[in-house]
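Below is one structure, written out as structure tokens, with a few remarks after it.
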There are 2 protein chains.
Amino acid sequence: MKKSQNICDNKSCFLCKNSLKEWLPAIAAHKTNFKVKKGEVIFKEGDPVTGIYFVNSGKVKVYKKWDKDKELIVRFAKEGSLFGHRGLGKGGNYPISASALEPTVVCYVDIAFFEASLKVNPDFTYELLMFLTEELKQSERKMRNLAHMPVKGRVAEALISLQNQFGTTADGFINIDLSRQDLASYAGATYETVFRMMNELVSEKLISLSGKSIRLVNRDELLKLAQDVVFL
Amino acid sequence: MKKSQNICDNKSCFLCKNSLKEWLPAIAAHKTNFKVKKGEVIFKEGDPVTGIYFVNSGKVKVYKKWDKDKELIVRFAKEGSLFGHRGLGKGGNYPISASALEPTVVCYVDIAFFEASLKVNPDFTYELLMFLTEELKQSERKMRNLAHMPVKGRVAEALISLQNQFGTTADGFINIDLSRQDLASYAGATYETVFRMMNELVSEKLISLSGKSIRLVNRDELLKLAQDVVFL
DNA sequence: CGGGACGTTGATAACTTTCAACCGGGGTGG
DNA sequence: CCACCCCGGTTGAAAGTTATCAACGTCCCG
């Protein structure tokens, strides 16, 4: 990672956004910005935890490895998002890895300062609590889907979730450039299987493709595929 | 649920344990204890969130339903544990269900009071943050396992995790009485498949059975089956 | 005694991964 | 500039895993 200064503006970072005005100078003094190249690993499972990261610009994938050439993407982080917070608490080692999906600038604060921030900014602590709660909900929903939902539904869910998080370009395609491999790792299946499911979704006219770009054509049907089947 | 009074003692509940002394009277005034019968549902997915629960005595399973007769057990809560906190944050409805595995006494506080407690007890908020972080780590580990680990490994992991949480009886059996169905729901597989895997584990002398009770015979080998395969 | 819930077992079907091969494009070195 | 190679995408066939279905047994409780 290459160090660079004065790129982070306070508005785009979770910490800055939720901290007291009086605390902002301290943040400014403590944070460090890094440029990260596409594909570069920011930290990986087992690394000792030294700090917490925020995405200033770009996109980051957070994932767990399995087996050298298999992984599960747990979450994506985009501009403004916090990541690396799984390093908090017991353990002292990151339980996950993070790498950049595109040229990215991350903002870094060391763990001691981060914990000091928690103590000083109750609102920040509260917001973080809410953030973790949402992550936990999503995580458990995904757990259940991995256990019970067939791959096709998981692909549908993955696509919807990507569009929700990253939005669409002017011509309606999901605004993220993701390899099929990464899409598969996000859906929790092999890339061949995901590929076949994508084909089915195309011929069923639920999505359409243009090169690697994906457009959701029939969002309602996709939702139906990915939907909670909750009753009683 | 049948209401009953004065059963909860302060030591066994997450909220009481982590709150300021001055706050304990307020808790005492606000909490309500309920007796819950074995198998009784405490709340279920979609129910409006009214409060947070603590286990006073007994055991509770927290799960997500799928499909009327399929579910995934996300977590167990035992004496002292908090549950229902997934109802925090946006949404206003529980994203999960909870029911008692045995006769249980739960302690309930309404959500407004709980949030007031957060504001008043920074240490409590911090502890809750740490708690959620650990849950998130576990949850993501389990996600990855569901995606990539074969059933046998997941069963091994489930058994180890049960023993870690509930300990063993004097004669070395895991100290929880769980139906095969529930074990399967925890491992994320059908009960037939789990049953076969248990048979394999028995004939490989990694576990032994006595009726429904399970004893881990070769914990190291089980761990190897369930282990992180992290490298690079 | 009957019924129901849970446990056990085997056979079969469905789904998903794995393996292997091919293709096309972009970049690199000659 | 071209040949080559490597990577990512695409496709088909086979193998492996897991779920489903069906049947039977047992125990407990009404």
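Letters go in sequence order (proteins before strands), and every chain restarts at 1. Because the structure is predicted, anything quoted here is derived from the model rather than measured.
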* Asked: What does B:Lys70 touch in the nucleic acid at a heavy-atom separation under 4.0 angstrom: a base, only the sugar-phosphate, or nothing?
  -> sugar-phosphate

* Please find out if less than 6.0 Å separates the ring center of A:Tyr53 from that of A:Phe43. => yes

* Using a cut-off of strictly less than 4.0 Å, decide whether A:Arg196 has a side-chain nitrogen or oxygen near OP1 or OP2 of C:dC15. => no

* Is there a side-chain polar atom (N or O) of A:Ser179 under 4.0 Å from OP1 or OP2 of D:dG8? -> no

* Structure fact -> Side-chain atoms of A:Val151 come closest, of C:dG7, C:dT17, D:dT18, to C:dT17

* **Distance in angstrom units between B:Leu178 CG and C:dG7 P, rounded** => 9 Å

* **Minimum-distance nucleotide to B:Phe195 side chain [options: C:dT9, D:dT10, D:dT11]** => C:dT9

* Between A:Tyr191 (OH) and C:dT16 (P), how many Å, whole number? -> 18 Å

* Can you check side chain to side chain donor-acceptor pair (under 3.5 Å) on A:Glu135 and A:His85, steps first, answer last? -> CA-CA 11 Å; A:Glu135 282 206 317; A:His85 52 290; 2.7 Å; yes

* To do: Provide, to the nearest angstrom, the distance between the CG atom belonging to B:Leu146 and the C1' atom belonging to C:dT16.
  => 15 Å

* Asked: Under 4.0 Å between a side-chain N/O of B:Thr190 and OP1 or OP2 of D:dT18, yes or no?
  -> no

* Structure fact -> Between CG of A:Asp67 and C1' of C:dT17 the distance, given in whole Å, is 12 Å

* For the pair made of CD in B:Glu200 and C1' in D:dG16, what is the distance, rounded to whole Å? -> 13 Å

* Asked: Would you call B:Glu157 and B:Arg154 a salt bridge, using N to O less than 4.0 angstrom?
  -> no

* Between P of D:dT20 and CG of B:Asp69, the distance in whole Å -> 9 Å

* Asked: On the ring face of B:Phe173, is B:Arg215 found with NZ or CZ under 6.0 Å from the centre and within 45° of the axis?
  -> yes

* Asked: Does a sphere of radius 6.0 Å around NZ in A:Lys212 hold more than 12 heavy atoms from other residues, nucleotides or ligands, not counting ones at 6.0 Å or beyond?
  -> yes

* Quickly work out the A:Met149 CE to D:dA19 C1' distance and round it to whole Å. => 17 Å

* Structure fact -> Per atom distances to the A:Glu192 side chain, the nearest of C:dT18, C:dT9, D:dT18 is C:dT18

* Give the rounded distance in Å between these two atoms: NZ of B:Lys152 and P of D:dT17. => 10 Å

